[in-house]
Structure formats: C-alpha cells, structure tokens
J.: 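Below you will find the structure I want to go over with you.
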Amino acid sequence: MATFNRFTHWLKSPEGRQYFFSTHFWGPVANWGLPLAAIADVINKDEEVISGVMSPTLAAYSGIFMRFAWQVQPRNYLLFACHMTNSAAQSVQCVRWFNYWYMGGRERKRPELVAADAAAAAAEKVQDAAKNLQEAAVDHAAAVRDISLPAAQANLEKAREAVVDLVKKEGGK
C-alpha cells in the first residue's frame, strides 16, 4: 500500500505529470504495437507465413533500440522493455521459421506438401530431360544436314555433267 501511495503522490507531482505528457512516455506506449503484434503472430500465425528476412531484421532493430533506451538520459525503461519484448518475440519467430523450413517442421505438419514438392521436382526433371532430348535432336538433324549436303551437291554436279554429256551426244547426231 505504501508503494501505491508513493506512486500516486509522484503521479500528482509536477515531475509525474511532466513524464506522462512527454514523448519519453507516449513514444514507447505507441511503440508497444510492434511487440504486441509479434506476440499475437507467435500465438496465432502459421510458420509458413513467417518472413525469414523480416523477423531477424526486427530482432536486430529492437536490439539496437534497447541499447538506445538504456543510454539515453534519463533511462527510458518503458522503451527498453518494449524493445526487449519485441526482440524476444521476433527471436521466437526466427526459431519457428528455421524449424519449419530447415528442421523438418514442414514435413511433419504438411506431408501432402512434401508429395506435391516431390511431384513438382519430378516434373521439372522430365521437362529438363525433354528439353535436352529436343536439343540433341536438333543437333543431330544439323549434323545429318551438314554431312548429307556436300554429298547431295556432288550428286547434283554429276547429274549436271551427265545432262551436259547427253546433250552433247544428242546434239552431235
């Protein structure tokens, strides 16, 4: 009860009123939306929607601002607590994300997606094989053309010579 009385006495004092009407108080209060949203995401959101880039970025951001809240004079304990909470929540999100994507959480939670991924990978391999086969067929056709074209030109030249000889023989009679 004595602590409550001291708090109410401080609250009625000019220092207390000055604190509650300053950005030293309202800035952290407004900033509490970030850690509250992160906690709500930890509780309610599926691991698949966690951003593997944004969560560690927000954790680092909060770590930087925790230091700022500690270094500013007078120390801003409310801002420090806000960023400590956000950093912890974002770190939990990072662990959840890593577990889901790299430690087998996705396979345990959604085995049907594993089968779909395997089917997609197999289809991609078939498409790659078909593309390679098509390229090989084109290369083979070009090689056949390159080999048969000189022979066809030689046969055409022989045919021309035969026609010229025939015309000469027929023309002389």
J.: Which pair of heavy atoms, one from Ala69 and one from Val72, lies closest together, and at what distance?
T.: O-CG1, 3.5 Å

J.: Rounded to the nearest 0.5 Å, what's the gap from CH2 on Trp26 to CG on Asn31? Could you check?
T.: 14.0 Å

J.: If I compare all heavy atoms of Ser62 with all of Asn86, which pair ends up nearest, and what's the gap?
T.: OG-ND2, 2.6 Å

J.: Please confirm whether the backbone N or O of Asn5 pairs with a side-chain atom of Thr8, one donor and one acceptor, at under 3.5 Å?
T.: yes

J.: Check the pair Arg108, Asn99 against side chain to side chain contact (heavy atoms under 4.5 Å, CB included), reporting the backbone distance first and the verdict last.
T.: CA-CA 11 Å; Arg108 287 188 299 275; Asn99 181 47; 3.7 Å; yes

J.: How close do Phe25 and Pro28 get, counting heavy atoms only, and between which atoms?
T.: O-CD, 3.2 Å

J.: Take atom NZ of Lys109 as the centre, draw a 6.0 Å sphere, and report whether it contains more than 12 heavy atoms from other residues, nucleotides or ligands.
T.: yes

J.: Should Leu34 and Trp32 be regarded as members of a common hydrophobic cluster, given that ILVMFWY residues are connected when their side-chain heavy atoms come within less than 4.5 Å of each other, either directly or indirectly?
T.: no

J.: Salt bridge check, Glu161 against Lys158: does any charged N sit closer than 4.0 Å to a carboxylate O?
T.: no

J.: Shared ILVMFWY cluster between Met103 and Tyr100, side chains joined below 4.5 angstrom?
T.: yes

J.: Please check if the side chain of Ser87 supplies one atom and the backbone of His83 the other of a donor-acceptor pair under 3.5 Å.
T.: no

J.: As an exercise, state the distance from CD of Glu47 to CZ of Arg96, rounded to the nearest 0.5 Å.
T.: 4.5 Å

J.: Give the ring-plane orientation class for Phe65 versus Phe68, where under 30° counts as parallel, over 60° as perpendicular and anything between as tilted.
T.: perpendicular

J.: I need the minimum non-hydrogen distance between Asp41 and Gln93, along with the two atoms involved.
T.: CB-NE2, 3.5 Å

J.: Is it the case that atom CH2 in Trp101 sees more than 12 heavy atoms from other parts of the structure closer than 6.0 Å?
T.: yes

J.: Would a hydrophobic clustering, with Ile, Leu, Val, Met, Phe, Trp and Tyr connected at side-chain separations under 4.5 Å, put Tyr61 with Leu79?
T.: yes

J.: Mark yes when over 12 heavy atoms from residues, nucleotides or ligands other than Glu124 sit less than 6.0 Å from its CD; otherwise mark no.
T.: no

J.: Which pair of heavy atoms, one from Ala89 and one from Val42, lies closest together, and at what distance?
T.: O-CG2, 3.8 Å

J.: Are Asp46 and Arg110 close enough for a salt bridge, meaning some N to O gap below 4.0 Å?
T.: yes

J.: Which heavy atom of Pro35 sits nearest a heavy atom of Cys82, and at what distance?
T.: CG-O, 3.6 Å

J.: When you measure from the side chain of Arg75 to the backbone N and O of Trp70, does any donor-acceptor pair fall under 3.5 Å?
T.: yes

J.: If two hydrophobic side chains count as joined below 4.5 Å and joins carry through other members, does Val95 share a cluster with Ile50?
T.: no

J.: More than 12 heavy atoms of other residues, nucleotides or ligands under 6.0 Å from CD of Gln134: is that the case?
T.: no

